[in-house]
Structures are given as C-alpha cells and as structure tokens.
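Structure first, then comments.
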Number of protein chains: 2
Amino acid sequence: MTVSRRDQILQVAARLFAERGYHSVGMDDIGAAVGISGPALYKHFRGKEAMLTELLVDISEQLLARGELRASIEDPKQALAALIEGQVEFALRHPDLITLHDHALNQVPTAERHRIRRVQRAYVELWVEVAMKAHPNRLDDREARAAVHAAFGLINSTPHTLRTPQRILAPMLSRMALAALAAAG
Amino acid sequence: MTVSRRDQILQVAARLFAERGYHSVGMDDIGAAVGISGPALYKHFRGKEAMLTELLVDISEQLLARGELRASIEDPKQALAALIEGQVEFALRHPDLITLHDHALNQVPTAERHRIRRVQRAYVELWVEVAMKAHPNRLDDREARAAVHAAFGLINSTPHTLRTPQRILAPMLSRMALAALAAAG
DNA sequence: GCCTCGAGTTAACCTTCGTTCACCTGCCCC
DNA sequence: GGGGCAGGTGAACGAAGGTTAACTCGAGGC
C-alpha cells in the first residue's frame with residue numbers, strides 16, 4: 001500500500017470530517033492526525049475547502065463511473081440489482097465518504113458544488129432509467145426519482161449501523177432495497 | 001396561528017440550520033430572518049447552541065411520544081404500519097427537523113447530546129420490538145436494528161425529494177418501508 | 001561543494017462570529 | 001404620571017481558526 005502523503009491526508013480528513021463535521025475539524029486537527037502540524041498542509045492543498053472539494057468530486061465521479069458499468073447490463077432487473085449491490089458495497093467500504101457526500105456538500109464553493117451536483121444528478125438518472133425499465137408501466141418519472149432517492153437513503157444508512165457484520169448486512173440491504181423499489185410502483 | 005416570537009425564531013432557525021448547516025448560519029442571519037437584529041436573540045435564548053439543543057430535544061421527544069402511541073396497537077403488523085405511517089407523516093411535515101436530526105447532533109454540547117441519544121435509542125427500540133414481533137423467527141436483534149435504521153434512512157430521504165406531491169409520496173414511502181422491512185429477514 | 005527544492009516548523013495576522021454591555025424605548029400597572 | 005419590565009438597538013470584545021510569512025533542513029543533481 002504505497003499511499004502518498006497527499007492521499008493519506010485526504011483519507012484522514014474524510015474520516016475527521018465525517019465524524020465531527022466539517023467546521024468542527026481544524027487544520028491543526030488534520031495535521032496532527034497525520035503527524036505534521038497545521039500549516040504544513042498547505043504544501044499539499046490550496047486550503048481546507050479545496051480538500052473537501054477534492055473528496056466530494058472524487059466520490060461522485062467514482063460512483064458515477066461504477067454505476068455506468070453496472071447499468072450497462074442488458075437485463076434491466078439484473079442491472080438494477082447490480083446497481084444496488086454496487087452502492088451497498090461502496091457504502092460499506094467507505095462509510096466516511098458516504099457521510100460526507102450528503103452532509104458536507106453545502107460547504108464547498110458554489111462553482112464546484114454545481115459540478116458535483118451535475119455528476120450526482122447523472123448518477124440518479126442512471127438509476128431512474130434502469131428502475132423504470134425494470135418495472136415498466138408502474139412508475140412515472142417523478143415517482144421513480146423519489147423511489148430512487150428513498151433507496152439511496154436506505155442503503156446509505158449504513159454509516160449508522162456499522163456494528164452489524166458486513167457478511168450479514170450487505171445482502172440484507174440489497175434485499176431491502178430491491179424489495180422497496182419493487183413496492184414503489 | 002398565534003405563534004410566539006420565541007417559537008417563530010426556533011422555526012426559522014431550524015429552516016436555516018437545515019438549509020445551510022449549523023455553522024454556516026450566524027446569529028445575525030437568524031435575527032434578520034425574523035426582522036430583528038443579532039444580539040436581540042439573547043432576550044429569548046441563552047445562545048446559539050441552546051437553540052439547536054432545544055430543537056433537537058423537542059424533535060426526539062415528540063417522535064418518541066408519537067411512536068409510543070402507535071406502537072401500543074395490539075396487532076404487531078398493524079403497529080408496524082402505524083409506526084411507518086407516523087414517521088412518514090412527520091418527515092413530510094417537518095423536513096427541516098428531520099434534516100437537523102441527523103446532521104447537527106454532533107454540534108450540541110455533550111451532556112444534552114447524551115440525553116437526546118437516549119431518547120433516540122428508545123425510539124429505535126420501539127421499532128425493533130414491533131418489527132421482531134411482526135416478523136417472528138426471521139430477524140435476530142442485531143439484524144432488526146440494522147433493518148430499522150435502513151427504514152429510517154428510506155423514510156428520512158424525503159427532504160431531498162420535496163418536489164413530488166405528498167399525496168403520492170406518502171403512501172409510496174409507506175409501501176416501500178413496509179416492503180423493505182418484510183424483506184429484511 | 002553548492003544550489004535547488006520539497007516538505008516541515010513556529011509565529012504572526014486577520015477575519016469571522018458568538019457573546020456581552022450600555023443604552024433606549026413603549027406598555028402596563030397602580 | 002412614574003417605575004419596571006420585555007424586547008430592541010448598535011458598539012465593542014475576545015476567542016477560534018484559516019491562512020500567510022519567514023525560516024530551517026535534508027536529499028539529489030551537476
């Protein structure tokens with residue numbers, strides 16, 4: 001695991017931001033957590049906002065990329081199951097990033113925030129299309145969008161529930177999300 | 001609607017905190033939003049933290065009280081449906097409070113935070129017991145707890161989805177939550 | 001050997017923001 | 001009609017915290 005100092009800092013910052021909230025974490029805290037002190041971080045990042053921005057851009061783009069792969073499966077029901085499984089897997093592997101993803105978006109500067117929102121919207125769109133193909137004639141566009149958001153809420157609840165073993169949690173969440181979407185129409 | 005100035009301030013503060021995040025809202029912002037200016041708020045509250053604390057204590061106690069009523073229905077399946085319906089109703093009526101409820105808890109002082117956590121835990125416990133009675137032999141304690149958190153995540157996703165008409169959204173979310181919990185075991 | 005440069009350090013700066021202070025009002029009550 | 005209190009005001013204070021500045025130090029390249 002040759003993780004660059006830069007990446008190490010990002011990782012630690014993500015954890016701290018998720019645990020305590022963006023504004024409650026000082027630059028000194030982040031520095032201390034990687035063994036350097038405060039202002040040294042400016043050798044690696046333009047500032048605190050830049051760190052958060054980079055994290056959120058990465059997350060949203062990574063989710064979209066993974067999602068596009070899985071959504072390209074021909075059978076809509078299988079594609080939907082794959083999307084769900086992918087989201088569950090990601091949420092379990094990176095609970096900090098999931099937490100950041102919907103707690104800290106308001107703190108990133110406007111221009112970049114719009115960019116992130118576009119990527120997020122594309123990811124939602126992916127799900128909506130697949131969900132409507134998987135359950136034809138049962139969901140209109142707006143309902144599907146709401147149902148997909150609900151499924152995200154379900155899956156992304158995992159950061160609150162990490163005490164349960166993943167072997168059990170992952171398939172359970174997948175089953176629940178699938179059932180919820182099936183019941184949406 | 002004879003809403004006292006105090007309540008008006010709390011309501012406005014909840015909206016601002018939910019929209020922009022606790023730390024991004026200044027006392028001057030809250031004051032301006034109710035037509036008075038900054039320091040005047042100290043005539044009604046001990047400080048900014050006190051406002052947030054009062055909001056969160058109220059929410060959690062209100063949820064628990066409503067929940068206890070609904071959980072007391074004899075038939076477990078009906079009780080579970082009633083709990084779900086109640087949570088959906090609350091989430092749709094008070095999206096700001098729902099947002100606060102899981103975004104801002106870290107910002108309240110330790111002592112009060114523990115008190116709020118206890119009430120929250122009691123509410124979760126209510127759901128867990130009802131869910132296990134409604135689906136006997138299919139959920140152990142830990143799974144049930146995770147499943148309940150997932151259901152909360154599903155229902156509490158509504159703040160992201162307020163564009164959809166409530167007449168459609170409310171029953172859909174209830175159906176989804178019910179199906180998700182049924183699929184958990 | 002010297003120069004550069006990346007990566008740190010500490011001290012200082014400066015803005016933001018929660019909070020306090022001193023003061024002002026209108027209203028109610030007797 | 002004068003005292004008191006609820007509810008405001010604007011000015012000032014003080015701590016927190018993100019950022020900058022000036023300096024140091026070790027490792028390669030020529």
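Keep in mind that this is a model prediction, so the values were computed, not measured. In what follows, every chain begins at residue 1, and chains take the letters A, B, ... in the order their sequences are listed.
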Query raised in the report: Is A:Arg115 paired with A:Glu61 through a side-chain N to carboxylate O contact shorter than 4.0 Å?
Result: yes
Query raised in the report: With a distance cut-off below 6.0 Å to the six-membered ring centre and an angular limit of 45° from the axis, does A:Lys48 pair with A:Tyr22 as a cation-pi contact?
Result: yes
Query raised in the report: Nearest-Å distance, CZ (B:Phe45) to C1' (C:dT19)?
Result: 16 Å
Ignoring hydrogens and angles, write down the donor-acceptor pairs under 3.5 Å from the side chains of residues 150-160 of chain A, residues two or more places apart or on other chains.
residue  : atom : partner  : partner atom : Å
A:Asn156 : OD1  : A:Gln87  : NE2          : 3.0
A:Asn156 : ND2  : A:Phe152 : O            : 3.4
A:Ser157 : OG   : A:Leu154 : O            : 2.7
A:Thr158 : OG1  : A:Ile155 : O            : 2.7

Query raised in the report: Contact boundaries of DNA chain D with chain B (under 4.0 Å, heavy atoms), 5' to 3'?
Result: D:dG7 to D:dA11
Query raised in the report: To the nearest angstrom, how far is B:Leu52 atom CG from C:dT19 atom C1'?
Result: 17 Å
Query raised in the report: Can you tell me if A:Arg6 uses its side chain to pair, donor with acceptor, with the backbone of A:His44 under 3.5 Å?
Result: yes
Requested in this report: Flag the pair A:Gln107 / A:Arg113 as yes when at least one side-chain heavy-atom distance between them is below 4.5 Å, and no otherwise.
Outcome: no
Query - All salt bridge (Lys or Arg N to Asp or Glu O under 4.0 Å) counterparts of A:Glu129, not counting sequence neighbours - result: none
Report task. Verify the contact: side-chain N or O of A:Arg5 to OP1 or OP2 of C:dG6, cut-off strictly under 4.0 Å; return yes or no. Result -> no
Query raised in the report: Looking at side-chain heavy atoms only, is the closest gap between A:Asp140 and A:Met132 below 4.5 Å?
Result: no
Query raised in the report: So which pairs with a foot in residues 19-41 of chain A pass salt bridge (Lys or Arg N to Asp or Glu O under 4.0 Å), sequence neighbours left out?
Result: A:Arg15-A:Glu19, A:Arg20-A:Asp29
Quick one: which protein N/O atoms are closer than 3.5 Å to N/O atoms of nucleotides 20-23 of chain C? Pair and distance per line, please.
none

Query raised in the report: Do B:Gln120 and B:Leu105 have side-chain heavy atoms sitting under 4.5 Å apart?
Result: yes
Report task. Check every strand shown and say whether A:Gly47 touches a base, only sugar-phosphate, or nothing at a heavy-atom separation below 4.0 Å. Result -> sugar-phosphate
Report summary line: Here the residues of residues 13-36 of chain B within 4.0 Å heavy-atom distance, strictly under, of DNA chain D are B:Ile36
Query raised in the report: A:Gly185 and A:Leu139: which non-hydrogen atoms are nearest, and at how many Å?
Result: CA-CD2, 3.6 Å
